[in-house]
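Naming: A, B, ... by sequence-line order, numbering from 1 per chain.
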Amino acid sequence: MQDNPWFEKGEEMTAATKGVVDLPDTIPVNRQPRNWRKAGIIVAFCAIPVTILVVFTYFPFASMVGYSFFRMKYIGPREWVGLQNYIDVFSRPGTLSSLKLSLYYMVGAILQVVVALYLSTVLAFKVRGGNVFKAIYFFPYLINGIAVGFIFKFFFTRGFVFDTVLQWCGFQLNQLPYWLRDQAINNWSLVGASIWRYLGQTVILFIGSIMSIDQSLYEAAEIDGANKFQQFLHIILPGIKTILVLNIILSITGSLSAFEGPYVITSGANGTATLFVLMDRLAHVNQKVGLASAMAIVLLLIILVFAILQQVFFKFVFRDAGDGVAEARKKAKRMQRQRNRVAVKRTSVFRNGSRIGKERSVK
Amino acid sequence: MTANSSSPAHGAIVKKPHVSWYSAKNGFFTLFKYLSLIFISFWMLLPLVINFVTAAKTSDEYQSTNVMDMPKNWLNLHNYVEAFQASNMAVAFRNSFIILIAVLFVTTIIGTQLAYVLSRFTFPGNGLIRGLFTMAALLPGIAMQVALYKLMVDLNAVNTLWGYILMMCGTDVISIYVFIQYFENIPISLDESAIVDGASYFTVYSKILLPLLKPAIVTCMILKGVGVYNEYYASNLYLQDNDLKTVAIALYSFTGPMGSKYNLICAGVIITLLPMLILFLIFQKQIYNGIAAGSVKE
């Protein structure tokens with residue numbers, strides 16, 4: 001046992017690992033004798049997932065960039081056309097109007113966030129039947145897209161479910177529009193279906209976030225006489241700020257790539273074709289693979305811009321987010337360092353101050 | 001006061017006697033709260049409930065009555081049987097089951113292995129691999145299918161189950177994040193003590209960490225399972241043979257000649273969502289946890 005290198009420095013290792021457990025670097029002793037084993041396990045465990053990722057994500061992505069410069073079908077010869085596909089994407093009549101459709105989905109997404117915020121605030125506290133409500137709101141999220149398509153085709157058909165309910169409320173059938181055919185309203189119908197499907201997911205997200213807020217804050221606020229609305233404004237809203245902003249930004253990229261509703265409910269007819277529906281039709285029905293690739297790349301670039309904006313936004317706006325503890329700690333550390341510097345200067349006159357100074361400033 | 005007694009928990013802390021205007025206001029808010037909850041529940045449930053109602057109607061009944069009228073016989077299962085046979089659901093359920101088992105098995109194994117390596121070792125390329133997976137999450141799947149389809153054609157993987165399964169294994173990103181997070185909460189001293197005792201890295205992974213990872217695995221499997229079961233876009237592209245259809249796209253066979261027989265379609269819809277309903281009722285808590293865990297990745 002004595003010749004095992006592990007034990008030679010064993011004492012050192014445990015001392016080092018006790019303090020900072022989550023640094024993988026803290027097994028240095030282990031490195032020399034077992035290096036090949038470590039390398040072996042890393043290669044063995046990474047090989048398959050990374051291969052699948054590269055083959056099914058990055059290789060197609062790279063080839064898609066290539067396809068966007070060709071006029072081609074899935075099978076058959078291809079012809080180099082340079083940037084013509086990109087020019088076509090923007091000069092085709094359908095493209096810009098389909099991009100405009102994402103505004104509907106953005107409005108819908110914001111509405112969804114607002115409603116979810118209300119519901120989650122209510123449901124995070126004790127409500128009779130709270131779990132039942134939660135389940136009712138969430139379940140549509142688990143239904144597959146095709147089924148949702150049928151459900152809403154049925155729901156919005158002339159004289160069927162939605163019209164009947166509105167007639168109960170006193171509307172006449174001939175006053176009502178064709179929900180999926182009338183171009184003035186059909187995109188809102190699809191947005192409604194999308195909210196129906198995803199509202200519950202947002203509610204669950206927000207509830208989780210609200211639950212993680214320190215409960216004693218509410219009690220303190222209540223003793224101070226804050227009403228429910230003030231509690232919402234000053235405790236809940238700051239508490240879930242991060243996830244809220246994240247959700248809003250994600251809903252922008254989500255709106256740009258809106259697909260399911262128009263694809264399964266209206267098949268993109270009557271002016272409901274979003275960019276992805278157009279792209280799908282170009283690629284798989286018309287087999288204009290080059291043009292569809294260019295369209296996909298344009299959209300990816302737009303989404304990428306928003307993703308980078310999101311990163312930048314989080315870096316700078318939430319630099320000092322959280323409960324302020326991290327910031328306070330940083331400040332305390334800075335103060336401590338300054339004090340140390342002063343202390344070193346002073347003490348060094350009388351005794352071995354550099355040692356003291358070093359010890360302190362290491363903290 | 002009656003309305004007030006049902007107000008939320010925090011009222012209990014303040015035991016001061018309620019002044020009448022205060023309790024009236026509170027009562028109003030409580031009323032508003034429940035009315036709003038019920039109102040939204042109504043719209044969430046209505047599309048689904050009408051499906052059940054319509055699925056119980058005979059064809060004559062469906063054509064002669066309003067959709068909102070109740071059926072004569074609630075236990076009329078005839079539509080379910082007919083829908084099940086017409087859309088070849090037995091084969092579809094078999095296919096979905098095979099795909100589900102294979103994908104869940106593979107993604108769980110490779111996902112936990114990758115997460116183990118990424119979270120436990122520093123090595124050149126660790127950051128790169130994490131970055132590649134993060135970037136992959138940004139690429140919307142529908143757009144990728146344009147190029148992926150060409151690849152699948154070249155690989156002769158169109159209209160094969162294995163091709164579809166392999167593709168579904170490759171698009172799994174969220175669960176890797178969940179596993180990494182979970183690994184980082186397991187103290188590394190556990191690995192170290194096992195290695196001191198002579199265990200290999202593989203033993204550490206399979207015998208010590210994997211059992212501890214069970215809750216995360218269950219969560220990820222459920223979420224992934226829901227995703228795979230409900231996936232319809234890629235399966236519609238790649239599994240066009242009648243014998244290869246999954247449950248989600250078997251429903252598609254109701255468009256066309258049967259497109260207006262909504263009593264059949266509604267029965268079909270309910271057949272496909274029944275497994276999800278059962279899963280949801282059993283694993284409600286894990287599903288909620290998974291939703292929250294999946295969002296942390298950004």
Side-chain angles (χ1 to χ4, degrees), chain A residues 6 17 21-22 24-25 27 37-38 41-42 45-46 48-50 52-53 56-57 60-61 63-64 67 74 122 125-128 133 135-137 139-140 142-147 150-151 154-155 160-161 164 196 201 204-205 208 218-219 222 246 257 259 276 283 289 292-293 296 299-300 307, chain B residues 6 8-10 13-14 33 37 41 44-45 47 50-51 66-68 110 113-114 116-117 120-123 129 132 136 138-140 142-144 146-151 153 167 169-170 184 187-189 196 201-202 226 230 232 248 251-252 262 265 269 272-273 276 280 288 291-292 295 298:
Chain A
W6 180 270
T17 45
V21 176
D22 46 0
D25 257 342
I27 343 174
R37 278 197 182 182
K38 196 175 120 182
I41 199 94
I42 288 170
F45 278 9
C46 286
I48 300 173
V50 173
I52 295 182
L53 181 75
F56 287 97
T57 304
F61 179 68
S63 46
M64 191 163 72
Y67 298 158
Y74 281 117
V122 169
F125 301 101
K126 211 163 125 193
V127 173
R128 285 182 186 211
F133 285 122
I136 291 173
Y137 301 151
F139 182 65
L142 298 177
I143 300 173
N144 79 64
I146 306 276
F150 279 122
I151 288 172
F154 185 62
F155 187 78
F160 278 18
V161 188
T164 310
W196 180 81
Q201 187 220 13
I204 296 297
L205 265 180
Y218 303 116
E219 290 163 18
E222 206 140 307
L246 184 77
S257 45
F259 175 75
F276 268 157
V289 179
S293 299
L299 199 67
L300 278 179
Chain B
S6 63
H10 300 284
I13 298 161
V14 192
K33 185 174 77 183
L37 287 178
S41 302
M44 296 306 273
L45 281 178
I50 290 303
N51 256 274
N66 185 290
V67 282
M68 301 288 270
I110 64 175
Q113 287 183 344
L114 186 70
Y116 167 68
V117 169
R120 285 302 200 238
F121 304 112
T122 46
F123 57 94
I129 293 176
L132 282 178
L138 280 178
L139 307 172
I142 312 276
M144 295 304 295
V146 175
L148 204 50
Y149 190 77
K150 173 92 172 130
L151 176 75
V153 170
M167 194 205 70
C169 293
E184 276 165 2
I188 232 177
S189 53
V196 170
Y201 288 120
F202 187 80
V226 171
N230 284 340
Y232 65 91
L251 255 190
Y252 239 177
Y262 269 108
I265 294 176
V269 165
T272 61
L273 65 79
M276 286 295 110
F280 179 58
Y288 292 158
I291 295 292
S295 74
E298 262 85 9

Heavy-atom closest contact ([X] atom, [Y] atom, distance):
| X | Y | value |
| --- | --- | --- |
| B/Val117 | A/Cys46 | CG1-SG, 3.8 Å |
| A/Leu142 | B/Met276 | O-CG, 3.3 Å |
| A/Lys38 | B/Thr122 | NZ-O, 3.9 Å |
| A/Pro60 | B/Ala147 | O-CB, 3.1 Å |
| A/Tyr137 | B/Met44 | O-CE, 3.4 Å |

Give the member of [options] that has the highest number of heavy-atom pairs under 4.5 Å with chain B.
| options | answer |
| --- | --- |
| A/Asn144, A/Ile204, A/Leu299 | A/Asn144 |
| A/Phe61, A/Phe154, A/Phe160 | A/Phe154 |
| A/Ser63, A/Ser257, A/Gly145, A/Gly208 | A/Gly145 |

How many angstroms lie between atom [atom1] of [X] and atom [atom2] of [Y], to the nearest 0.5 angstrom?
| X | Y | atom1 | atom2 | answer |
| --- | --- | --- | --- | --- |
| A/Ile52 | B/Cys169 | CD1 | SG | 5.5 Å |
| B/Tyr116 | A/Ile41 | OH | CD1 | 6.0 Å |
| A/Phe56 | B/Met144 | CZ | CE | 11.5 Å |
| B/Tyr288 | A/Leu205 | OH | CG | 12.5 Å |
| A/Thr57 | B/Leu148 | OG1 | CG | 7.5 Å |
| A/Phe45 | B/Arg120 | CZ | CZ | 13.0 Å |

Part of [X] within contact of chain A (heavy atom distance under 4.5 Å):
| X | result |
| --- | --- |
| B/Met68 | side chain |
| B/Ile265 | side chain |
| B/Leu151 | side chain |
| B/Tyr232 | side chain |
| B/Leu114 | both |

- Item | B/Tyr262 (side chain) donor-acceptor with A/Phe150 (main chain) under 3.5 angstrom |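 Judged by distance alone, no pair lies under 3.5 Å.
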- Closest-packed option against chain A by number of heavy-atom pairs under 4.5 Å, given B/Ile50, B/Asn230, B/Ile129: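 Of the options given, most contacts go to B/Asn230.
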- Query: Which one of B/Val226, B/Asn66, B/Thr272 has the most heavy-atom pairs closer than 4.5 Å to chain A?
  - Reply: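 Looking at each option in turn, the highest pair count goes to B/Asn66.
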- Residue list, side-chain contact (heavy atoms from CB on, under 4.5 Å) with B/Asn51, at least two apart or on another chain: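 So B/Asn51 forms a side-chain contact (heavy atoms from CB on, under 4.5 Å) with A/Ile151, B/Cys266, B/Val269, B/Ile270.
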- Task: For A/Ala292, check side-chain contact (heavy atoms from CB on, under 4.5 Å) against everything at least two apart and list the hits.
- Result: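 A/Ala292 satisfies side-chain contact (heavy atoms from CB on, under 4.5 Å) with A/Met279, A/Leu282, A/Ala283, B/Val146 only.
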- Query: Are A/Phe139 and B/Leu45 close enough, and set up right, to give a side chain to side chain contact (heavy atoms under 4.5 Å, CB included), and what steps lead you there?
  - Reply: CA-CA 9 Å; A/Phe139 182 65; B/Leu45 281 178; over 6 Å; no
- Message: More than 12 heavy atoms of other residues, nucleotides or ligands under 6.0 Å from CD1 of A/Ile48: yes or no?
- Response: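 Check fails, neighbour count at 12 or below.
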Is there side-chain contact between [X] and [Y], with at least one heavy-atom pair below 4.5 Å?
| X | Y | result |
| --- | --- | --- |
| A/Pro49 | B/Gln113 | no |
| A/Phe155 | B/Val67 | no |
| B/Pro140 | A/Phe276 | yes |

